[in-house]
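Take a look at the structure below.
Here is the naming used below: chain letters follow the sequence lines, and residue numbers restart at 1 for every chain.
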Amino acid sequence: MSLSLALQKRFENFRLDVDFRIEGKRVGIFGRSGSGKSTLVHLLAGLLEPDGGAIRFGDRILYDYGRRLCLPPDQRRVGVVFQHSHLFPHLSVEGNLLYGFRRIPKIRRRIDPADLCRVLDIAHLLPRSVHHLSGGERQRVALGRTVLADPQLLLMDEPLTGLDEKLKYQIIPYLNQVLTEYDIPLLYVSHSMNEMRLLVEEVLVLDGGRLVDRTTPDNLARQRMKDCPMGYLNFLRLEDPQPRDQLWSYRWGSQRLMLNQEPAAGDNLFTLTARDILLFRRHPESISARNLLRCTVREVFDLGPRVGVELDCGGRQLITQMMPPAVTELDISPGNDLYAAIRADAFRRLY
Amino acid sequence: MSLSLALQKRFENFRLDVDFRIEGKRVGIFGRSGSGKSTLVHLLAGLLEPDGGAIRFGDRILYDYGRRLCLPPDQRRVGVVFQHSHLFPHLSVEGNLLYGFRRIPKIRRRIDPADLCRVLDIAHLLPRSVHHLSGGERQRVALGRTVLADPQLLLMDEPLTGLDEKLKYQIIPYLNQVLTEYDIPLLYVSHSMNEMRLLVEEVLVLDGGRLVDRTTPDNLARQRMKDCPMGYLNFLRLEDPQPRDQLWSYRWGSQRLMLNQEPAAGDNLFTLTARDILLFRRHPESISARNLLRCTVREVFDLGPRVGVELDCGGRQLITQMMPPAVTELDISPGNDLYAAIRADAFRRLY
Amino acid sequence: AEIRVAAAASLSDALRALDAAYRERHPQMQLVPNLAASGTLARQIVAGAPADLFISADRQWMDHLVTEKRIVPGTVRVLAQNSLVFLGRSDQTVRSLADLPGLQRIALCSPGSSPAGRYTEQALKKAGLYPVLQQNKRLVLAKDVLQARMYAERGEVDGAFVFRTDALLAKQARILFEVPADLHEPVLYPVGLTPEGARRAEVQEFFKFLASPEAGRILAGFGFLLP
Amino acid sequence: MFDLTATDYQAVALSVRVALTATLLSLPGGFLAGALLSFGRFRGRALLEGLLNLPLVLPPVVVGYLLLLLLGSNGLLGGLLAKTGLRIVFTWWAAVAASLVVGFPLLVRAVRIGLEEIDPRLLQAARTLGASRRDTLISIVLPLSGRALLAGAGLMFARSLGEFGATIVLAGNIPGLTQTIPLAIFDYINTPGGEGRAMTLCLLSVALSLAALLGNEALLGKWAKRSRS
Amino acid sequence: MFDLTATDYQAVALSVRVALTATLLSLPGGFLAGALLSFGRFRGRALLEGLLNLPLVLPPVVVGYLLLLLLGSNGLLGGLLAKTGLRIVFTWWAAVAASLVVGFPLLVRAVRIGLEEIDPRLLQAARTLGASRRDTLISIVLPLSGRALLAGAGLMFARSLGEFGATIVLAGNIPGLTQTIPLAIFDYINTPGGEGRAMTLCLLSVALSLAALLGNEALLGKWAKRSRS
Ligand SMILES: Nc1ncnc2c1ncn2[C@@H]1O[C@H](COP(=O)(O)OP(=O)(O)OP(=O)(O)O)[C@@H](O)[C@H]1O
Ligand SMILES: Nc1ncnc2c1ncn2[C@@H]1O[C@H](COP(=O)(O)OP(=O)(O)OP(=O)(O)O)[C@@H](O)[C@H]1O
Ligand SMILES: [Mg+2]
Ligand SMILES: [Mg+2]
């Protein structure tokens with residue numbers, strides 16, 4: 001996507017003023033409660049008229065104050081999943097799902113509703129009225145409805161907040177898949193660092209209605225390592241599982257890792273907290289950890305009282321953290337080689 | 001609280017049928033989306049009439065099908081924080097907050113609205129209309145409104161779901177404090193294991209409208225260790241912080257722990273993941289970890305491929321996990337003594 | 001003092017003139033008119049409406065009030081008379097009742113609700129025209145004389161049966177013929193005193209004035225015939 | 001007391017026919033006018049509003065007179081219609097026209113109250129799903145204002161059953177052709193001793209509208225309250 | 001054309017006074033009746049509903065007669081009132097009573113449409129916060145039906161300005177005392193050459209109600225759409 005926008009919008013007690021350009025396919029918007037995230041989403045979708053500025057998406061101008069141009073929402077082809085589901089009360093679940101879909105010319109329809117329903121686990125709800133759906137059920141229907149309308153840009157405003165963890169991580173890979181397959185760019189609003197890291201490539205940080213930072217979700221996660229109870233979470237996408245010694249060996253870049261986790265159909269995405277990684281200056285003669293990786297220090301960064309260390313393990317990145325004395329002791333500085341030990345049970349499957 | 005209920009409620013596609021008695025002050029309700037949690041909340045609050053059964057709260061009968069008794073919601077003194085905020089659109093934020101408060105006889109008013117506003121960080125919103133509050137702002141107002149009505153039993157249906165992590169953990173201690181101070185029992189519905197463990201003593205697990213399990217949040221967390229990316233999270237409430245060697249020493253039960261975290265005003269609650277705990281059969285001569293605790297194995301439990309170990313460290317509980325071979329190697333079985341090593345930087349402050 | 005006069009609406013102008021004339025002589029007296037259809041007034045008086053004097057456009061309602069004991073029987077007398085005419089646009093060539101069957105639409109007042117209608121019905125029946133016109137749905141029943149006249153004036157109907165006094169006020173339409181008086185009961189405007197009125201001397205005074213030649217001249221000026 | 005004449009029965013049948021026709025005919029226009037006034041931002045909105053409410057403010061007889069000026073054979077529209085061989089005045093269509101004009105403001109107002117309670121966020125959602133303004137009107141607003149339309153239709157039907165002033169002027173009081181219940185009642189009530197029959201017709205009229213209202217209620221009840229999501 | 005007489009001005013002033021009084025008096029009852037019919041579940045609900053709608057279905061003249069029977073000095077209620085020295089019939093209060101009865105069903109229906117669009121979850125929230133049924137009605141339902149009440153009041157006011165049939169029967173057509181605009185128009189139509197004045201009065205009436213409606217609209221606009229949370 002190539003989205004460039006410069007927008008001003010003033011409310012009684014709040015003023016949004018942003019000016020940026022996005023090139024990535026997946027962008028996140030992060031910020032505290034009341035920082036203007038939802039306002040930005042409404043402006044982009046054409047549901048709120050800015051006080052001034054311009055929005056350009058690819059070669060289309062969605063809004064331009066100077067030229068008095070403001071495309072109506074239905075011509076923007078910008079889909080929105082709202083914080084609350086806003087289902088149409090007079091339509092069944094099926095009617096809601098197909099509302100946008102039916103409005104796409106037949107030849108342009110690319111997504112199979114039945115497929116989507118299966119993934120969102122809402123197939124059994126189809127004939128029901130939307131009145132007495134539970135909170136999670138509602139939000140899944142809203143999600144499906146928007147994706148089926150096949151937007152050129154998808155805006156999501158905390159769409160997964162009401163879902164339980166399991167469902168959330170079930171939906172993410174599918175969402176990823178749909179977005180990739182149909183090439184739909186995503187602008188994703190959330191408080192959740194994990195959702196951000198799994199879905200977007202770049203994060204814009206809003207505060208008080210202004211863009212205060214733009215960075216990668218990884219960098220954001222590093223910055224927030226000190227705030228987060230679990231520290232930094234490494235995401236490892238592993239491939240080619242092979243059974244070995246009652247465990248499983250997966251390929252990770254140019255090396256292999258031993259895990260106690262069985263492979264699943266599809267992707268194998270695991271998490272590894274920074275604290276699960278032990279570093280050694282020299283090869284430890286014997287260690288119970290099943291994985292001992294040779295790696296190079298790429299970067300050392302400050303983390304309040306602690307220090308973060310970015311390692312290069314055969315081309316893949318791994319982030320760990322330690323106390324300053326250990327840094328000196330192990331002589332950790334960029335370019336130095338080290339050994340990283342990881343227990344086979346340290347990995348957690350995300351999906 | 002002493003709440004006993006036996007309730008049946010049938011919908012087209014769903015049937016709730018529960019029969020249990022709660023004695024604890026803080027009880028959680030856990031269950032997948034659509035398992036009937038919100039339905040139960042509505043039945044308890046008197047917003048939905050059961051098909052049959054009875055509800056007794058302390059010595060008050062709230063509902064009894066046999067005696068054709070069904071107390072109206074306003075006489076139950078059961079407060080509800082709903083999944084969505086349902087603020088009164090014609091009242092200001094202040095009007096909403098004080099709605100229930102004004103309906104309590106003056107002499108019975110125990111909670112200071114100003115105090116509550118400060119903690120919920122909504123004091124600056126008071127004169128505003130509720131129309132354009134952000135999602136998080138709305139929910140905080142709803143929370144305050146219900147607590148100010150001084151209920152004898154507080155039902156909360158995923159009340160913190162829309163809030164960002166930081167705010168969430170800021171609110172929890174206050175909620176705890178209010179509930180303790182004013183002695184309000186809590187029934188808490190949530191998908192979040194952390195919220196459960198911080199707020200409730202017992203958890204009822206619903207599935208398909210039936211009670212399938214009742215356990216402690218700790219036990220539930222243990223059961224779900226394998227599903228959760230971070231594994232089990234130990235919560236440690238530490239006291240009496242003293243500076244020592246550029247670190248801080250805190251008292252934990254009969255022993256002291258070294259942390260790199262400064263103390264905060266009020267409680268010092270820290271988390272420690274199961275994987276941050278290293279076990280030794282004998283005292284390791286030298287170790288970089290600043291904490292080496294003598295402890296006894298209390299229980300060894302199955303965790304899918306891994307094994308969970310519950311330790312008793314000077315009267316406090318610590319849970320860790322390991323691979324089966326390590327269990328044999330370290331001869332881990334109930335009653336055996338071990339050493340647990342924990343790095344000073346392994347702790348994360350929750351609030 | 002006030003004299004409360006309940007009068008048929010068709011007398012409103014005449015009543016105003018009578019009021020003016022009477023007040024010249026008795027400046028302290030004031031006429032408070034209540035103008036509506038005779039039936040409405042009669043029912044109001046039965047229901048206890050304050051009235052001293054009732055002028056009806058119709059015998060029936062006066063008789064009704066007499067039997068209801070709301071009009072003192074001995075006081076009833078005829079104030080004025082009127083006649084029935086056929087009013088139509090000037091381009092009409094109708095000359096008599098006999099020409100009526102050739103017309104498309106004829107307006108008359110509703111025989112049920114209006115005295116003019118009742119007289120018209122009597123005349124048409126006597127002339128043997130009523131069943132034919134009725135069956136061919138040629139008859140448009142108006143609520144009152146005003147409405148019938150308005151239809152005639154606007155040319156919505158070919159002609160309308162109205163009272164002479166009303167016909168004289170028409171602008172676009174003219175009287176095409178007079179209905180022979182022997183085809184219907186005489187068109188009388190009876191006047192009577194209510195028991196309250198009969199008890200009041202000033203009302204009696206006004207009642208006498210109504211029978212005076214001066215009052216007769218005023219009424220004649222509006223097209224009424226004197227008894 | 002129930003000794004009704006044949007023309008009385010005709011009056012009852014005619015009243016029902018007129019009220020039903022007027023109600024059904026006015027629904028689409030009522031919805032559109034309501035939507036226009038609720039959502040439209042255009043010049044002359046106040047004027048349109050005023051014009052629509054005119055029949056409410058004027059005495060019905062005056063409304064009838066104005067309609068006669070418009071639709072009469074010498075009227076503006078009546079002349080045109082007469083050329084096409086259509087005649088409204090003094091036919092039962094005149095009664096329909098009178099009821100329509102007099103009841104329309106009631107319908108529009110009912111519709112507007114309903115429309116303005118629709119959650120605008122639903123309309124926003126529809127727009128982002130690709131529905132144009134008009135599409136949203138038909139696929140979201142119309143079904144969601146069903147209750148209001150129905151309530152307005154009930155009002156309109158009842159008002160039509162009771163419509164007297166404009167009808168008697170525009171339609172004339174032609175027994176068997178344009179004599180609706182109120183006109184028949186009027187006749188009886190103005191005859192000394194006609195009270196009994198007038199009462200009977202009144203009761204019939206009330207029974208009719210009660211039946212209509214109850215049916216209306218039942219429908220309204222079925223139609224779940226659903227302008228919320 | 002604007003050469004109105006003193007009694008004409010009196011008629012205008014009286015009309016405004018009557019319409020305003022009738023509207024204001026009917027608001028509390030209209031709200032209660034609407035709430036009763038919307039939320040109440042009791043026997044005889046249909047009957048009450050029918051009774052309320054009676055004035056809509058009956059020709060106003062008939063309504064006037066029925067009121068006369070009830071309130072007249074020989075009537076059921078009139079006799080009682082007379083004993084207390086109160087007299088309604090043929091005073092301006094009679095005009096108020098006529099407008100009230102005729103316009104009430106319009107008001108109630110407007111209120112009901114508004115009430116039924118209120119999100120019941122707001123009422124649930126209020127109940128759990130300790131508000132009794134009645135308290136909820138006053139503190140939540142009433143303010144949230146403000147728009148509907150206002151819209152209904154506009155309807156009622158306009159209808160009152162145009163009320164003729166019931167008024168002339170119940171109040172009589174007494175210039176300066178009970179002669180409202182429609183009655184004055186009726187008088188002028190009965191007078192040769194009175195058409196011009198009748199027209200002037202019509203226009204005045206329209207202007208009045210237009211002003212009222214526009215004021216009503218402005219208020220409605222201010223009153224944010226707020227029955228949602
Ligand atoms: N229409 C409006 N009128 C007035 N103020 C508004 C309006 N919309 C939003 N605001 C205010 O603007 C600020 C930003 O609101 P917004 O909804 O964009 O926040 P947010 O970042 O989405 O927060 P959250 O994470 O809680 O959803 C808030 O303080 C809000 O009260
Ligand atoms: N009034 C109702 N009529 C019909 N079905 C209902 C009604 N209320 C709830 N249900 C159904 O009952 C089931 C339980 O709903 P409930 O809202 O209690 O779930 P929940 O556990 O709160 O889920 P979530 O975590 O998604 O909020 C759902 O399948 C829902 O569709
Ligand atoms: Mg938001
Ligand atoms: Mg729920």
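- Proximity to chain D (any heavy atom under 4.5 Å) is restricted, for E/Leu54, to the side chain, taken from C-beta onward.
- The candidate from D/Leu183, D/Ile181, D/Val206, D/Leu51 with the greatest count of non-hydrogen atom pairs under 4.5 Å with chain E is D/Val206.
- For the atom pair CZ of D/Arg112 and CZ of E/Arg147, the computed distance is 8.0 Å after rounding to the nearest 0.5 Å.
- Looking at every heavy atom in both residues, D/Pro60 comes nearest to E/Gly162 through CD-O, 4.1 Å.
- Comparing D/Asn53, D/Leu208, D/Leu56 by heavy-atom pairs within less than 4.5 Å of chain E, the highest count is held by D/Leu56.
- Residue with the most contacts toward chain D among E/Leu155, E/Val63, E/Leu37: E/Leu155 (heavy-atom pairs, distance under 4.5 Å).
- Other residues, nucleotides and ligands contribute more than 12 heavy atoms inside 6.0 Å of the CZ atom of E/Arg17.
- Annotation: maximal heavy-atom pairing with chain E below 4.5 Å, among D/Ala19, D/Ala158, D/Ser205, occurs at D/Ala158.
- Only the side chain of D/Ile185 has a heavy atom closer than 4.5 Å to any heavy atom of chain E.
- When each of D/Leu161, D/Leu201, D/Ile113 is scored by its heavy-atom pairs under 4.5 Å with chain E, the top score falls to D/Ile113.
- Under the 3.5 Å distance criterion, the side-chain polar atoms of D/Arg109 are matched with a main-chain donor or acceptor of E/Ala151.
- The contact between E/Leu66 and chain D is made entirely by side chain atoms (from C-beta outward), counting heavy-atom distances below 4.5 Å.
- In this structure, chain D has no heavy atom under 4.5 Å from any part of E/Phe157.
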